[in-house]
Asks: 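One structure coming up, written as structure tokens, with questions to follow.
A note on names: the letters A, B, ... follow the listed sequences, proteins ahead of strands, and every chain is numbered from 1.
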2 protein chains.
Amino acid sequence: MERFDRIKVPSAYEMVAEAIEAEIVSGRLRPGDEIGTEAALVRQFGVNRSTVREGIRVLEQGGLVRREASRKLFVCEPRAGGLSTRISRALVLQDVTFRELFDTAMVLEVGVVEGAVFHADAATLAALEQNQERLEAAVNNPVVVAELDSEFHALLARACGNRVLEMAREPAALLFFPSTEMICRRVPEGAGRMAQAHRFIIDAVKARDLELSRTWMRRHLVDWRKGFVRAGREIDEPVERIFARYALSKSQS
Amino acid sequence: MERFDRIKVPSAYEMVAEAIEAEIVSGRLRPGDEIGTEAALVRQFGVNRSTVREGIRVLEQGGLVRREASRKLFVCEPRAGGLSTRISRALVLQDVTFRELFDTAMVLEVGVVEGAVFHADAATLAALEQNQERLEAAVNNPVVVAELDSEFHALLARACGNRVLEMAREPAALLFFPSTEMICRRVPEGAGRMAQAHRFIIDAVKARDLELSRTWMRRHLVDWRKGFVRAGREIDEPVERIFARYALSKSQS
DNA sequence: AATAGCCTTTTGTCCGACAAAGCCTGCTTT
DNA sequence: AAAGCAGGCTTTGTCGGACAAAAGGCTATT
């Protein structure tokens with residue numbers, strides 16, 4: 001048992017990043033505000049431009065500021081940060097299995113649909129209907145089906161009116177739903193069953209029927225799992241890195 | 001509807017970061033491996049050291065590499081990234097309410113305890129027992145009680161054997177459980193009830209009793225909420241930024 | 001008013017340099 | 001000969017200055 005922690009001398013670029021972060025977290029700088037040019041920061045902080053730039057990289061990667069087309073630097077919506085992508089990547093590096101993804105999705109997506117039953121508004125319901133229409137029209141195109149399934153769940157998450165839950169489900173969803181494409185490709189009847197399940201879920205949410213919405217969400221996910229196994233995959237195998245790299249790079253933009 | 005996406009010309013430092021990231025994600029560089037000195041990277045990539053350094057900042061902040069005491073750079077365990085902290089910060093910036101935190105915790109912690117019923121091993125159960133002992137000995141110290149409560153739920157999450165779920169709950173937990181201290185301070189009987197609930201949860205997990213574990217976890221969380229309200233707080237108020245800043249900075253180390 | 005061309009600002013990258021901190025190696029001391 | 005120390009080497013963090021290319025703004029032309 002040591003008495004003292006190691007002393008960490010903060011470097012200049014870290015202090016630059018922290019100073020700007022403090023302004024954002026405190027609310028003195030709001031999303032959309034400009035940070036100023038690098039030269040301006042050099043003047044204010046009294047450090048070299050290289051140092052300022054390193055600090056900016058930290059903030060950029062932290063999702064606090066954004067630079068558009070190598071131009072002005074401004075505070076960005078905290079949502080935008082692409083943090084989920086990085087969590088997903090960490091999960092892949094830990095060799096998590098599809099079972100873990102599935103079990104987590106079961107917990108989170110059922111929680112989401114419960115919230116949606118209480119909070120879904122007309123606009124989101126309309127968006128869900130539109131998603132459903134497109135899904136029914138595209139049951140023979142695995143790529144589009146996978147995208148629409150992913151969007152369906154994202155819309156539902158938005159509809160549940162809980163931003164914490166919405167964000168909590170994102171990393172798993174990013175790894176989970178892309179497999180839908182593979183499933184649809186190998187299990188022909190999969191897309192049809194999915195469309196049917198979505199239909200029931202939407203109806204249950206509209207009818208504010210908690211129990212029914214839960215039931216159909218569970219059924220929908222169990223179906224996904226069955227399809228996964230029928231497509232010849234093993235539920236306890238880790239999410240492969242190559243696949244994940246592809247899926248995540250697509251989502252990053 | 002535009003036909004083409006904007007073309008993004010990658011800058012050199014981004015390519016440096018991506019090149020190293022690719023090695024890590026593909027598994028050719030494993031946690032613990034050294035990346036090499038800045039000078040070595042300069043030679044290999046044929047770019048300036050400033051450029052390499054900017055790339056390194058990106059990777060560092062992304063939680064892929066770590067530099068210890070301003071010394072050698074090496075690939076780090078994906079878990080370490082401190083990403084949850086940043087998600088929590090984003091949530092605070094979005095002014096999420098305690099209700100959102102609570103509802104999410106309800107979904108996730110119940111999911112966690114279900115997993116724990118199936119997967120908890122002897123070592124974790126022992127750790128939970130030890131946590132319980134310390135909790136019962138400290139019911140009069142709000143600071144310690146809050147820490148132990150937070151640890152209790154983290155242990156349970158570890159016990160559930162699902163790293164995806166474990167990581168999904170972290171951002172909410174980081175914002176949620178610190179309030180326990182405030183509650184214990186203002187509601188004297190709170191800590192005792194908490195110890196009792198923990199006791200029942202541990203026993204239910206040990207007995208592999210799914211339904212009982214669920215029931216007590218729900219009860220435990222509902223209790224937290226009652227305490228929150230009895231402490232004079234409003235469940236629909238946003239998590240304050242000052243509080244969050246304090247809580248998160250503590251957790252970062 | 002719209003456009004083309006010019007000028008200015010800003011970013012991305014490069015070069016070279018140096019102090020401070022860690023690491024290593026060889027020397028001194030016991 | 002082993003342990004301890006000092007000095008030298010390596011590497012990081014920071015600095016100052018420089019320049020091409022892109023973006024933005026301004027003016028004159030049609």
Asks: What integer distance in Å separates A/Met15:CE from D/dT14:C1'?
Replies: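 Going from A/Met15 (CE) to D/dT14 (C1'), I get 14 Å.
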
Asks: Using whole Å, report how far CG of B/Leu73 lies from C1' of D/dG13.
Replies: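 From B/Leu73 CG to D/dG13 C1': 14 Å.
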
Asks: Return the set of residues passing side-chain contact (heavy atoms from CB on, under 4.5 Å) with B/Glu170 (not counting sequence neighbours), or none when no residue passes.
Replies: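 side-chain contact (heavy atoms from CB on, under 4.5 Å) check on B/Glu170 returns B/Ser84.
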
Asks: Just how far, in rounded Å, is C1' of C/dT13 from OH of B/Tyr13?
Replies: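 The distance from OH of B/Tyr13 to C1' of C/dT13 comes to 12 Å, rounded to the nearest Å.
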
Asks: Can you check nucleotides 17-20 of chain D for protein contacts, nitrogen or oxygen pairs under 3.5 Å, and list what you find?
Replies:
unit_1: D/dA18; atom_1: N6; unit_2: A/Arg49; atom_2: NH2; d: 3.3

Asks: Could you tell me whether the phosphate oxygens of C/dT11, OP1 or OP2, come under 4.0 Å of any side-chain nitrogen or oxygen in A/Arg53?
Replies: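 So the side-chain polar atoms of A/Arg53 never come under 4.0 Å of the phosphate oxygens OP1 or OP2 of C/dT11.
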
Asks: Using heavy atoms and a sub-4.0 Å distance, could you list which residues of residues 32-42 of chain A are near DNA chain C? By number, please.
Replies: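 Result for residues 32-42 of chain A: A/Thr37, A/Glu38, sorted by number.
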
Asks: In whole Å, what is the span from the NZ atom of A/Lys72 to the P atom of C/dT11?
Replies: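 Those two atoms, NZ and P, are 9 Å apart.
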
Asks: Kindly write out the residues that satisfy side-chain hydrogen bond (donor to acceptor under 3.5 Å, both in side chains) with B/Asn162, not counting sequence neighbours, or none if the list is empty.
Replies: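 Per chain and number, B/Asn162 pairs via side-chain hydrogen bond (donor to acceptor under 3.5 Å, both in side chains) with A/Thr104.
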
Asks: Just by distance, with hydrogens left out, do A/Thr97 and A/Glu100 show a side-chain donor and acceptor under 3.5 Å apart?
Replies: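 Yes, because at least one side-chain N or O of A/Thr97 sits under 3.5 Å from a partner of the opposite role on A/Glu100.
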
Asks: Across the strands shown, which category fits A/Val47 at heavy-atom distances under 4.0 angstrom: base, sugar-phosphate, nothing?
Replies: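 Sugar-phosphate, no base atom in range.
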
Asks: By side-chain contact (heavy atoms from CB on, under 4.5 Å), which residues pair with B/Ala19, not counting sequence neighbours?
Replies: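 B/Ala19: side-chain contact (heavy atoms from CB on, under 4.5 Å) contacts with B/Phe45.
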
Asks: For B/Asp33, enumerate each residue passing the side-chain contact (heavy atoms from CB on, under 4.5 Å) test, keeping only those at least two apart in sequence or located in another chain.
Replies: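 For B/Asp33 the side-chain contact (heavy atoms from CB on, under 4.5 Å) partners, ignoring immediate neighbours, are B/Leu29, B/Arg30, B/Val75.
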
Asks: side-chain contact (heavy atoms from CB on, under 4.5 Å) with A/Val42: which residues, sequence neighbours excluded?
Replies: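 Partners of A/Val42 under the side-chain contact (heavy atoms from CB on, under 4.5 Å) test: A/Arg49, A/Val52.
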
Asks: Side chains of B/Asp149 and B/Leu135, heavy atoms from C-beta outward: is any pair under 4.5 Å?
Replies: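 With C-beta onward as the side chain, the pair stays apart.
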
Asks: CD of B/Glu54 versus P of D/dT12: gap in Å, rounded?
Replies: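 For the pair B/Glu54 CD and D/dT12 P, the rounded distance is 16 Å.
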
Asks: Considering only side-chain heavy atoms of B/Arg67, which listed nucleotide, D/dT14, C/dT13, D/dT12, is closest?
Replies: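 Selected nucleotide: D/dT12.
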
Asks: How would you list all residue pairs meeting ring pair (Phe, Tyr, Trp, His ring centres under 6.0 Å) that involve residues 142-170 of chain A, not counting sequence neighbours?
Replies: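 Only A/Phe152-A/His198, A/His153-A/Phe177, A/His153-A/His198, A/His153-A/His220 qualify under ring pair (Phe, Tyr, Trp, His ring centres under 6.0 Å).
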
Asks: According to salt bridge (Lys or Arg N to Asp or Glu O under 4.0 Å), who are the partners of B/Glu109, at least two apart in sequence or on a separate chain?
Replies: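 B/Arg169.
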
Asks: To the side chain of B/Ser11, which of C/dC14, D/dC15, C/dG12 is closest?
Replies: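 Per side-chain heavy atoms of B/Ser11, the pick is C/dG12.
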
